[in-house]
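The chain is numbered in sequence order, starting from 1.
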Amino acid sequence: MTLWRGGRLATLAGESGWGLVDDGALLVEDGLLRWVGPAAELPPEALAAHEVIELGGALVTPGLVDCHTHLVYAGNRAHEFELRLQGAGYAEIARAGGGIRSTVAATRAASETELLAGATRRAQALMGEGVTTLEVKSGYGLDAATEARMLRVARRLGELGVDVRTTYLAAHALPPEFDDADAYVDTVCRWLPALHVEGLVDAVDAFCEHIAFSPAQVARVFDAARRLGLPVKLHAEQLSDQGGAAMAASFQALSCDHLEYLGTDGIQAMARAGTVAVLLPGAFYALRETRLPPVAALREAGVPLAIATDHNPGSSPTLSPLLMMNMACVLFGLTPEEALRGMTVNGARALGLADRGRLVAGQRADFCVWDGDHPRELATCFGQNPLKERVRLGASQGEA
């Protein structure tokens, strides 16, 4: 048993409020938080702690959860940034052979070793800003061999000291060798069982958009996932309202992500299903979008709000979860508390994980020690990294 004491804890206990505990303490045993509270009220079993770590007044929060990333890929698309500055739109670039298809070509040509090296650097950057749980999608292979290779690489990132959840996103775009989207969707469904048997898939995702797949096509992918007992999530309503969020909610989707064009029907369906809204301010910013996601309506409906980096080589090449928290406040109108919850407890909800995201007894001992006085600073002070120490399952991952 380890005792961490003398910190200012932002527990996020309950559904609102920071849950601040001054001069707080955490008892950790077997990777779990056994007790959390004021140091002056430590229980008798704290005397049995074999190690006592003094926090020196530092700020402590739950470990960050980045619930939407595309970390495994090859190549880069910096030239598309220049094209967008010259007025080209996301859909226009995609139709011209750029976008996702460009990354698919580079990723197919890369070895597993090359993919792992790139993904390792990216994962370490996220971990360096406090990420203890990370979601990684496939979707830059669009053939059986490369999709499997991407998922194997994603699994191997767990060896770095971060919890990795893998998502099958073969329904990301139509690959160049297919000219029939329905035929490709059938193929995507056929690939899934073998990947599931291999233990490579934790959830299934799709891109529901006019430049990708229709709600009816995505529903077929989700039916295949449901037959295997796999949860689903959706890239929904990013560029237009396709009704994808309502369809995904009918499958009890864990999350719907992007959501700039989400309408009232989709919001109500998500609220009924308990589906998390994952906001991706990095993509909104990089694509210079002007249509804001309906944050006030989501909030009013009681839909949990999560935030993620959406790291990818084209539309959100960021590796800073702290910057995403700031952007969520400045661009989308979240409060700093909502931003932190979006990167902790609600990020975990978006992955179907109830065992992390708060500093309360019984949760995983995943937490971060920061140089700061108040948790609001994490969303306020962009362009700097106040992380002092990242702790996963009670074990320090070293000083930042």
Answer yes when [X] and [Y] have at least one side-chain N-carboxylate O distance shorter than 4.0 Å, and no when they do not.
X	Y	answer
R364	D30	no
D205	K233	no
R8	D23	no
R220	D223	no
E112	R156	yes
E15	R358	yes

When the ring planes of [X] and [Y] are compared, do they come out parallel, tilted or perpendicular, using 30° and 60° as the limits?
X	Y	answer
W191	Y184	perpendicular
F251	F222	perpendicular
H311	Y73	parallel
F332	F284	perpendicular

Check [X] against [Y] and note the closest heavy-atom contact, atom names and distance.
X	Y	value
A25	W35	O-CZ3, 3.8 Å
T103	P313	OG1-CG, 3.5 Å
L12	P62	CD1-CG, 4.1 Å
C368	G63	SG-CA, 3.9 Å
M270	C256	CE-CB, 3.9 Å
P294	L262	CG-O, 3.7 Å

Exam field: side chain [X] to backbone [Y], donor-acceptor pair closer than 3.5 Å:
X	Y	answer
R155	G199	yes
T107	G141	no
E135	V164	no
S214	H210	no
E289	Y285	no
R288	R84	yes

Dump the intermediate steps for side-chain contact (heavy atoms from CB on, under 4.5 Å) on D257 and L280, then the final yes or no. CA-CA 7 Å; D257 305 27; L280 304 172; 4.1 Å; yes
Interatomic distance, [X] atom [atom1] to [Y] atom [atom2] [nearest 0.5 angstrom]:
X	Y	atom1	atom2	value
L319	L126	CG	CG	5.0 Å
L55	W4	CG	CH2	6.5 Å
R152	M150	CZ	CE	12.0 Å
R165	D202	CZ	CG	4.0 Å
R122	L134	CZ	CG	12.0 Å

Check whether any side-chain heavy atom of [X] sits under 4.5 Å from a side-chain heavy atom of [Y], and report yes or no.
X	Y	result
E209	S240	yes
L195	Y168	yes
T309	S316	no
P375	L59	yes
T133	V162	no
V36	L9	yes
L64	L340	yes
S255	L351	no

May I have the step-by-step check of salt bridge (charged side-chain N to carboxylate O under 4.0 Å, His left out) for E337 and R376, ending in yes or no? CA-CA 7 Å; E337 181 202 328; R376 67 171 68 96; over 6 Å; no
Applying a strict under-4.5 Å side-chain criterion to I, L, V, M, F, W and Y, I'd like to know whether [X] and [Y] cluster together.
X	Y	result
M327	L259	yes
F367	L322	no
L305	L378	yes

Residues D143, R149; criterion salt bridge (charged side-chain N to carboxylate O under 4.0 Å, His left out); working and verdict: CA-CA 10 Å; D143 62 31; R149 187 158 69 248; over 6 Å; no
Apply the side chain to side chain contact (heavy atoms under 4.5 Å, CB included) test between L192 and each candidate in V221, V197, V201; give the one that qualifies.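 Of the listed options, the one satisfying the test is V201.
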Residue that, paired with K137, satisfies side chain to side chain contact (heavy atoms under 4.5 Å, CB included) out of N312, L169, L71, D310: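 Of N312, L169, L71, D310, side chain to side chain contact (heavy atoms under 4.5 Å, CB included) with K137 is met by L169 alone.
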Does atom [atom1] of [X] have more than 12 heavy-atom neighbours, drawn from other residues, nucleotides or ligands, at distances under 6.0 Å?
X	atom1	value
D179	CG	no
F178	CZ	yes
E300	CD	no

Residue that, paired with R5, satisfies salt bridge (Lys or Arg N to Asp or Glu O under 4.0 Å) out of E41, E54, E51: E54
Should Q397 and M127 be marked as a side-chain contact (heavy atoms from CB on, under 4.5 Å) after you check the CA-CA gap, both sets of side-chain angles, and the distance that decides it? CA-CA 9 Å; Q397 306 298 297; M127 294 160 62; 5.5 Å; no
Walk me through whether E129 and R390 qualify under salt bridge (charged side-chain N to carboxylate O under 4.0 Å, His left out). CA-CA 9 Å; E129 279 199 8; R390 190 178 67 96; over 6 Å; no
Applying side-chain contact (heavy atoms from CB on, under 4.5 Å), run through V360 and L33 and close with a yes or a no. CA-CA 7 Å; V360 298; L33 294 169; over 6 Å; no
Full working for side chain to side chain donor-acceptor pair (under 3.5 Å) between H70 and H172: CA-CA 11 Å; H70 304 256; H172 197 193; 4.6 Å; no
Report the C-alpha distance between K388 and D371 in whole Å, list the side-chain angles of each, state the deciding distance to 0.1 Å, and finish with yes or no for salt bridge (charged side-chain N to carboxylate O under 4.0 Å, His left out). CA-CA 6 Å; K388 294 168 63 72; D371 182 8; 5.6 Å; no
Without hydrogens or angle criteria, can the side chains of T344 and R341 be said to hold a donor-acceptor pair below 3.5 Å?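 No, no side-chain donor-acceptor contact under 3.5 Å.
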Hey, mind stepping through M324 and N326 against side-chain contact (heavy atoms from CB on, under 4.5 Å) and telling me if it holds? CA-CA 5 Å; M324 295 304 96; N326 174 270; over 6 Å; no
